[in-house]
Undergrad: 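Here's a structure for you.
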Protein chains: 2
Amino acid sequence: MPPSSSIAKAIKFGPFTVTSQVFYKTPLTFCLVNLKPLLPGHILVCPLRSVPHLSDLRPNELHDLFSTVQLASVTLKRVYGAPACNIAIQDGEAAGQSVKHVHCHVIPRKDKDMEERGGGDKLYEELEGVEGDVGMHQKEQIQGEQRQGKGKFPKQKDEDRKPRSMEEMEKEAAWLAEEILKDVREREGANGSSL
Amino acid sequence: MPPSSSIAKAIKFGPFTVTSQVFYKTPLTFCLVNLKPLLPGHILVCPLRSVPHLSDLRPNELHDLFSTVQLASVTLKRVYGAPACNIAIQDGEAAGQSVKHVHCHVIPRKDKDMEERGGGDKLYEELEGVEGDVGMHQKEQIQGEQRQGKGKFPKQKDEDRKPRSMEEMEKEAAWLAEEILKDVREREGANGSSL
């Protein structure tokens, strides 16, 4: 099944429709590109069923989620030439979660990639910050689209990171959709030969 | 099988023997209490096979790891009265990993639990910091034990957090070993009824 047909149905992340940001989907899980990535390649992996806590996931959903996180980490490291990545879940509001729909951040990391912005610690600050943003950005996008309909630009609350255009995100999603399928095929081949 | 017999064999976290810090073990995964928890209940979940990257894990190891992370999150939230937790993996050195053995931080979170220390962002800074510490602390502990043999105190490099005594860690590990088994039984019951 080509990626276009597998991501045809509207996909919701919490209350937001994110279909055109989705670059990979299984029967239980989806991956989406971010409106405001903290670093190039910063994506989210979510269960299709919208539940707030990791403990709400059934075994097959949990396994599929992290199997997809593992797959996405391989693809992101490969295509962004990154030797490492950060993987993080804010499980509940007191942990910084804003959208009450389980989501796992996967962020490719290179040596000194955060140096200009104050070092690796800064990523975590921004991650804590972007959690509020994940919801806020999607809302801003909707507002922006409404305003753009009136010839205005999207509101930009945080100056450091520009919200990306839908076109840019769709382009990245299409590219990642192709790239992740290479790793799916490799994994299927490896599993086939190891069984 | 009682927890005492299931954690009898020496367990290694990277180059360190952490057997007495371990409070839960499956055939593929173990959970250990921290020498210097960032917040009460901060633990690590690791595959028994020492590999550096998430992508090195076989499907059964990956599934067991995150099934255990899910379980541990339930236990920690319950016993620490925390509504949330942070779950984080530094996958590779450029992401802040110091011990080249996959480890997932699970940190119970309460509202305003980091306020005295500068807010939620501070946890992430400390998490980035503690990554170096996870290895350094275990080394310090060995040095400390060697020095203690000569009647000296363990070296304490970072002033903010005191390394805990082995006795304190063993006490916490024994307590968590009992508590997590309650959630194992509940999960087995739930799975049994849903099958």
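The sequence lines fix the lettering, A, B, ..., with proteins before strands; numbering per chain opens at 1. On a predicted model such as this, the values are computed, not experimentally measured, just so you know.
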Undergrad: Tell me every residue that passes ring pair (Phe, Tyr, Trp, His ring centres under 6.0 Å) with A:His53, counting only those two or more places apart in sequence or in another chain.
TA: none
Undergrad: Got a donor-acceptor contact below 3.5 angstrom from the A:Gln90 side chain to the B:Ala84 backbone?
TA: no
Undergrad: At a 4.5 Å cut-off on heavy atoms, which part of B:Leu62 comes close to chain A: side chain, backbone, both, or neither?
TA: side chain
Undergrad: Is it true that B:Asp91 and A:Lys77 make a salt bridge, defined as a side-chain N closer than 4.0 Å to a carboxylate O?
TA: yes
Undergrad: Do the side chains of B:Val74 and A:Ile89 join up, straight or via other hydrophobic residues, at under 4.5 Å, putting them in one cluster?
TA: no
Undergrad: Taking A:Trp175 as the starting point, is it possible to reach A:Val184 by hopping between hydrophobic residues whose side chains are less than 4.5 Å apart?
TA: yes
Undergrad: Answer with side chain, backbone, both or neither: which region of B:Leu71 has an atom nearer than 4.5 Å to a non-hydrogen atom of chain A?
TA: neither
Undergrad: For the residue pair A:Ser67 and B:His63, establish whether any side-chain heavy-atom pair is separated by less than 4.5 Å.
TA: yes
Undergrad: State, with a plain yes or no, whether a side-chain heavy atom of B:Leu54 is found less than 4.5 Å away from one of A:Val69.
TA: yes
Undergrad: Of all the heavy-atom pairs spanning B:Ala94 and A:Asp111, show the shortest one and how long it is.
TA: CB-OD1, 3.4 Å
Undergrad: So for A:Leu65, is it side chain, backbone, both, or neither that comes closer than 4.5 Å to the heavy atoms of chain B?
TA: neither
Undergrad: B:Phe13 and B:Val22: same hydrophobic cluster, using ILVMFWY side-chain contacts below 4.5 Å?
TA: yes
Undergrad: Say whether A:Val79 and A:Val106 are linked into one hydrophobic cluster, either directly or through other cluster members, by side-chain heavy-atom distances under 4.5 angstrom.
TA: yes
Undergrad: Would you give the length of the straight line joining atom OG of A:Ser55 to atom CZ of B:Arg78, rounded to the nearest 0.5 angstrom?
TA: 12.5 Å
Undergrad: I'd like to check the side-chain hydrogen bond (donor to acceptor under 3.5 Å, both in side chains) partners of A:Lys171; sequence neighbours left out, ordered by chain and number.
TA: none
Undergrad: Out of B:Pro59, B:Ser73, B:Cys85, B:Cys104, which one racks up the most heavy-atom pairs below 4.5 Å with chain A?
TA: B:Cys85
Undergrad: Is there a path from B:Phe66 to A:Leu28 through hydrophobic residues (I, L, V, M, F, W, Y) whose side chains come within less than 4.5 Å of each other?
TA: no
